[in-house]
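Some notes on the structure that comes next.
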2 protein chains.
Amino acid sequence: MKSATPKLNIALVDDHNLFRKGLIKLINLGDTQNKYNILFEAENGGGLKEKMKEPPFPDIILMDIEMPDIDGFEAVDWLQRTHPSIKILVVSMVESEDKILRMLRLGVKGYLSKDIEVEDMHQALETVANNGFYYSDIATEVLNQNLNGVVKPSHPSANLSENEREFLKLVITDMTYYQIADKMNLSPKTIDGYREALFQRLKVKNRTTLAVYAIKHGIVRL
Amino acid sequence: MKSATPKLNIALVDDHNLFRKGLIKLINLGDTQNKYNILFEAENGGGLKEKMKEPPFPDIILMDIEMPDIDGFEAVDWLQRTHPSIKILVVSMVESEDKILRMLRLGVKGYLSKDIEVEDMHQALETVANNGFYYSDIATEVLNQNLNGVVKPSHPSANLSENEREFLKLVITDMTYYQIADKMNLSPKTIDGYREALFQRLKVKNRTTLAVYAIKHGIVRL
DNA sequence: GTATGACAGGGGAAAAATCCCCTTTTTTTA
DNA sequence: TAAAAAAAGGGGATTTTTCCCCTGTCATAC
């Protein structure tokens, strides 16, 4: 059977064979009109470049981010420069805002989390094939916040005094508050005041969670 | 068609829906004798515990390691204590020697990397179903090295008991030791013993530096 | 000028963490 | 299977942390 419109060629770039093979099954499952053709698979950006040396080229590429050697960012960047007409749909388990934003800025047509429903994946493929854009919830959110100049309700960790930062550096050590006071040439009671203020502002309940907060938010380095 | 032997019930524990669904397709693909039945899926250890509250129980569980909340290690530990007859086949992209070894020590029946061939996955399932063991290359290598007494100056954080790891996860929260004891169904005095032992082994002097150590050495995730 | 708020400091008590030394139970191993 | 080694638990004391309420100082805004 020969369809009027030629099939759409799809390529998969992901470093886990089991995931690629499963994804192929899922794509075919939803491809009731038999319009998709899996052109090739690659394990990483390097493998992709290899396959892209000569035609045929895919119309759509499903791309993971975390891969050995040449990762998704590099691969997408390279694709946009060398084959700008190819539509890229990112399929990744990465949920960090930074990385999502970076991918969107590179101009990908879609961003899917790996824990979406199969139907959503089909929908995304369909949309992208028709020159649309498809972002899963988490990516949409990130996008909106950044378009609307949501400068982010200034993180509480943004406005710390110098003394408070110094105090936090010492909080993650094995010094007692009394020793910290001594080192900072302040009264233990003043230190107690810093502690109390930080507990409230950063919404933590004890010294340990304060230390964890400081580390997690990069206020102190390990 | 009714087979003489009842079907083998399989459960999948992995936090990525797309991977689970793909894996199901791949399992069915190789199941020419139609002997496997996917009993349920779970997103993490918590979901697994939920499903394991009452029969029917699976015969084999395919388990990922990295999952939110209750991870693969905890889930396997729990399973071995509560349902020791269930066969566990780890399917993970984790390739760190430490973690592979830890899983093997927990007594899993098999260890598969996510980038194996589909046929190998079928083979592994078959082998485990028949009371065998199946380790993919990387796991076999790790196992051999350690059997041959390639000791490796093991980091003190390498040989922590499961209870100690669980304790460390709770140490970085705002729970008191009393609450931790309660949650782990142990006496506060036992928890105090864990604390003391870890202080000495990891050379730290208080709860805060213990938490910092655990974070710095990747024993707990933020 | 005075109010307001941020910063430094204090008293005192309750809660939690830390330490030291010891017993029982369970598991491993020789 | 007896001995040894972990693991679990306990008593009790000391130190540290946490909390609440309160005083003075200084600057800055009104």
Side-chain angles (χ1 to χ4, degrees), chain A residues 154 156-215 220, chain B residues 73-74 77-78 80-82 84 102 104-107 146-147 149 154 156-215 220:
Chain A
S154 68
S157 67
N159 44 352
L160 298 176
S161 74
E162 276 312 304
N163 268 352
E164 283 173 334
R165 285 177 196 279
E166 171 72 10
F167 168 66
L168 281 178
K169 277 189 191 172
L170 301 175
V171 155
I172 70 164
T173 72
D174 56 18
M175 297 171 82
T176 67
Y177 287 138
Y178 194 90
Q179 292 171 325
I180 291 175
D182 211 53
K183 179 147 190 165
M184 291 179 69
N185 291 314
L186 289 168
S187 157
K189 277 300 181 180
T190 301
I191 294 298
D192 195 42
Y194 289 174
R195 182 196 54 72
E196 192 64 41
L198 287 171
F199 274 21
Q200 295 199 5
R201 243 185 307 152
L202 307 181
K203 300 193 211 312
V204 297
K205 289 192 173 60
N206 58 32
R207 178 168 174 175
T208 300
T209 43
L210 179 61
V212 171
Y213 183 103
I215 293 167
V220 299
Chain B
F73 294 111
E74 276 187 86
D77 188 49
W78 178 83
Q80 299 291 44
R81 281 186 282 105
T82 57
R102 198 171 142 208
L104 298 186
R105 271 201 275 258
L106 281 174
N146 278 271
L147 284 178
S154 70
S157 68
N159 45 356
L160 298 176
S161 74
E162 291 305 316
N163 267 353
E164 284 173 334
R165 287 176 196 277
E166 169 74 11
F167 169 65
L168 283 177
K169 279 176 101 167
L170 300 175
V171 156
I172 70 165
T173 71
D174 57 16
M175 295 172 81
T176 67
Y177 288 138
Y178 195 91
Q179 292 172 324
I180 292 174
D182 211 52
K183 178 147 191 165
M184 291 179 69
N185 290 313
L186 290 168
S187 156
K189 277 301 180 178
T190 302
I191 293 299
D192 196 42
Y194 289 173
R195 182 195 53 72
E196 192 64 41
L198 288 172
F199 274 21
Q200 294 201 7
R201 239 180 315 147
L202 308 181
K203 302 196 209 312
V204 297
K205 290 190 173 61
N206 59 31
R207 178 169 175 174
T208 300
T209 43
L210 179 62
V212 171
Y213 183 103
I215 293 168
V220 299

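The chains referred to below are lettered A, B, ... by the order of the sequence lines, with proteins before strands, and numbering in each begins at 1.
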B/Glu162 side-chain N/O to B/Asp77 backbone N/O, donor-acceptor pair under 3.5 Å: no
Donor-acceptor contact present, side-chain A/Thr190 to main-chain A/Leu186, <3.5 Å: no
For [X] and [N], what is the distance between atoms [atom1] and [atom2] respectively, to the nearest whole Å?
X	N	atom1	atom2	value
A/Lys205	C/dA17	NZ	C1'	18 Å
B/Asp182	D/dG9	CG	P	12 Å
B/Arg81	C/dT26	CZ	P	16 Å
B/Glu196	C/dA17	CD	P	14 Å
B/Asn206	D/dT16	CG	P	11 Å
B/Leu198	C/dA17	CG	P	15 Å
B/Leu186	D/dA6	CG	P	19 Å
A/Phe199	C/dA15	CZ	C1'	13 Å

Presence of B/Asn163 side-chain N/O under 4.0 Å of D/dA8 phosphate oxygens OP1/OP2: yes
Salt bridge present between B/Glu166 and B/Lys183 (N-O < 4.0 angstrom): no
Cationic N near anionic O, under 4.0 Å, A/Glu196 to A/Arg201: no
Lys/Arg cation over aromatic A/Tyr177: A/Arg207, 6.0 Å, 45° cone: yes
Validation row: A/Val204, B/Asp174 side chains within 4.5 angstrom (heavy atoms): no
Approximate separation, where rounding is to 0.5 Å, of A/Thr208 OG1 and B/Leu170 CG: 12.5 Å
Distance, nearest 0.5 Å, that separates CE of A/Met184 from CZ of A/Phe167: 8.0 Å
Residues within residues 172-180 of chain B bordering DNA chain C, heavy-atom distance below 4.0 Å: B/Thr176, B/Tyr177
Residue-level proximity of residues 187-195 of chain B to DNA chain C when a heavy atom falls under 4.0 Å: B/Lys189, B/Asp192, B/Arg195
Contacts of A/Arg195 that satisfy side chain to side chain donor-acceptor pair (under 3.5 Å) - sequence neighbours left out: A/Asp192
